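Please read all numbers here as calculations on a predicted model, not as lab measurements. Just so it is clear, the values below take in all heavy atoms, side chains as well, and ignore hydrogens, waters and symmetry mates. Letters go in sequence order (proteins before strands), and every chain restarts at 1.
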There are 2 protein chains.
Amino acid sequence: MRVSTRGEYGLRAVLVLAGQDRQQAMPLREIAARENISEQYLEHLFRALRLSGLVVSHRGSRGGYTLSRHPSDITVGQVLRTLEGSLTPMECVDGKQVCAHGDRCATRLLWKKLKDATDSVVDSTTLADLLSMADANDKE
Amino acid sequence: MRVSTRGEYGLRAVLVLAGQDRQQAMPLREIAARENISEQYLEHLFRALRLSGLVVSHRGSRGGYTLSRHPSDITVGQVLRTLEGSLTPMECVDGKQVCAHGDRCATRLLWKKLKDATDSVVDSTTLADLLSMADANDKE
DNA sequence: ATAATATCCTAGCAAAACACTATGGATTGT
DNA sequence: ACAATCCATAGTGTTTTGCTAGGATATTAT
């Protein structure tokens, strides 16, 4: 039930972009240095983030990445699902194939509850939310 | 973020015990056969469940396992944590070591939310709850 | 133009986790 | 005695994780 480093690093990296001026592209080198993450590893993660449309890349000198939308318009669910794949505890509540038992399966009822609980968190929390919450704690 | 087969099989197995007469010990062979799980693998899981006090073993002929308490007195959280270890998405919200940033870390705020969400589900759902929910769906 | 700065893409790989299997010993009911 | 169980440790193939390597491609600055 642990989030892998893909989700951890990726979210941290995207939050760096979210706390930044959106007009200015930030190179991976800088994000990697700031968050103490391998630049090469981050490249993989940003490839996925770009393909899912969450970030925009700018190649060449003075290039880098920017968020594709405002931080208040990107949920952590979108980031995490891009990097971690489905966030469900079991395949049978993925929407795809349900086993023959369906809702008469006692365990599936639990997996469904867990799925709903995590969905409600990640789909209602935006990057801007996290930043403002952290900021509020910082001021105390 | 997936539950492993340890949690899946283990929960299914204890639910078999929960739906059973508590006076009669049930051998692993029978649970394994009913749930289509390897008996040898289940032994590992039940060793952990016994050590955590959730089931009681009865050795020898006519032996087997029983729940240590009534199904309404055992939460799925107790079962899953025994088999899966901590259910937190990240180590830093495990209660143990928090990184230097503490609550000013934006990502940690998310991990905390996720932890609280899953905790509230697994700690408030008992084996009896799952059985009665499945039973209700069965009758429809 | 050319050099410098970036992203882009594919491949590979060591370590850890996962999902078991194997084997033999200990205990109890009949 | 004997069969049915649990108990315990060791081993093992597969998959996932968490990277590193190397080069191609695009853009900007000079």
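If you take OG1 on B:T88 and CH2 on B:W111, they are separated by 11.0 Å, rounding to the nearest 0.5 Å. Atoms NZ and CZ, on A:K139 and B:R104 in that order, are 13.0 Å from each other to the nearest 0.5 Å.
Residue B:R50 has a polar side-chain atom (N or O) positioned under 4.0 Å from OP1 or OP2 of D:dC7. The phosphate of C:dC8 (OP1 or OP2) has a side-chain N or O of A:S57 nearer than 4.0 angstrom. Within the 4.0 Å cut-off from OP1 or OP2 of D:dG18, at least one side-chain nitrogen or oxygen of A:S4 is found. OP1 or OP2 of C:dT28 has not a single side-chain nitrogen or oxygen of B:S61 nearer than 4.0 Å.
Here C:dT7 presents its P atom at 11 Å from CG of A:L17, a figure rounded to the nearest Å. The separation between B:E43 atom CD and C:dA22 atom C1' is 11 Å, rounded to whole Å. Whole-Å rounding puts the B:R47 CZ to D:dA8 C1' distance at 6 Å. Whole-Å rounding puts the A:L83 CG to D:dC19 P distance at 14 Å. Protein atom CG of A:L42 is 14 Å distant from nucleotide atom C1' of C:dA6, rounded to whole Å. One interatomic measurement links the two molecules: OH of B:Y9 to P of C:dT21, which rounds to 9 Å at whole-angstrom precision. With rounding to whole Å, B:E39 atom CD is found 14 Å from C:dT23 atom C1'. Computed from coordinates, the A:L45 CG to D:dT20 P distance equals 12 Å when rounded to whole Å.
Of the candidate nucleotides C:dA6, D:dA21, C:dC20, C:dA6 has the atom lying nearest to any side-chain atom of A:R29. The side chain of B:H44 lies closest to C:dA22, out of D:dG18, C:dT7, C:dA22.
Using a 4.5 Å heavy-atom cutoff, the side chains of A:L54 and A:R69 are in contact. A 4.5 Å side-chain heavy-atom check between A:K115 and A:M90 finds every atom pair outside the cut-off.
Among the heavy atoms of the strands lying under 4.0 Å from B:H58 are primed sugar atoms or P, OP1, OP2 only; no base atom is included. Among the atoms of the strands shown, only primed sugar atoms or phosphate atoms (P, OP1, OP2) are found under 4.0 Å from some heavy atom of B:Y65.
Across the interface with DNA chain D, nearest-nucleotide mapping of A:G63 and A:R6 shows A:R6 to be the residue nearer the 5′ end.
In terms of polar N and O atoms assigned as donor or acceptor, the side chain of A:R59 never comes within less than 3.5 Å of the base of C:dA6 in a complementary pairing.
B:M1 and B:V3 fall into different hydrophobic clusters, where Ile, Leu, Val, Met, Phe, Trp and Tyr are joined by side-chain heavy atoms under 4.5 Å apart, directly or via other members.
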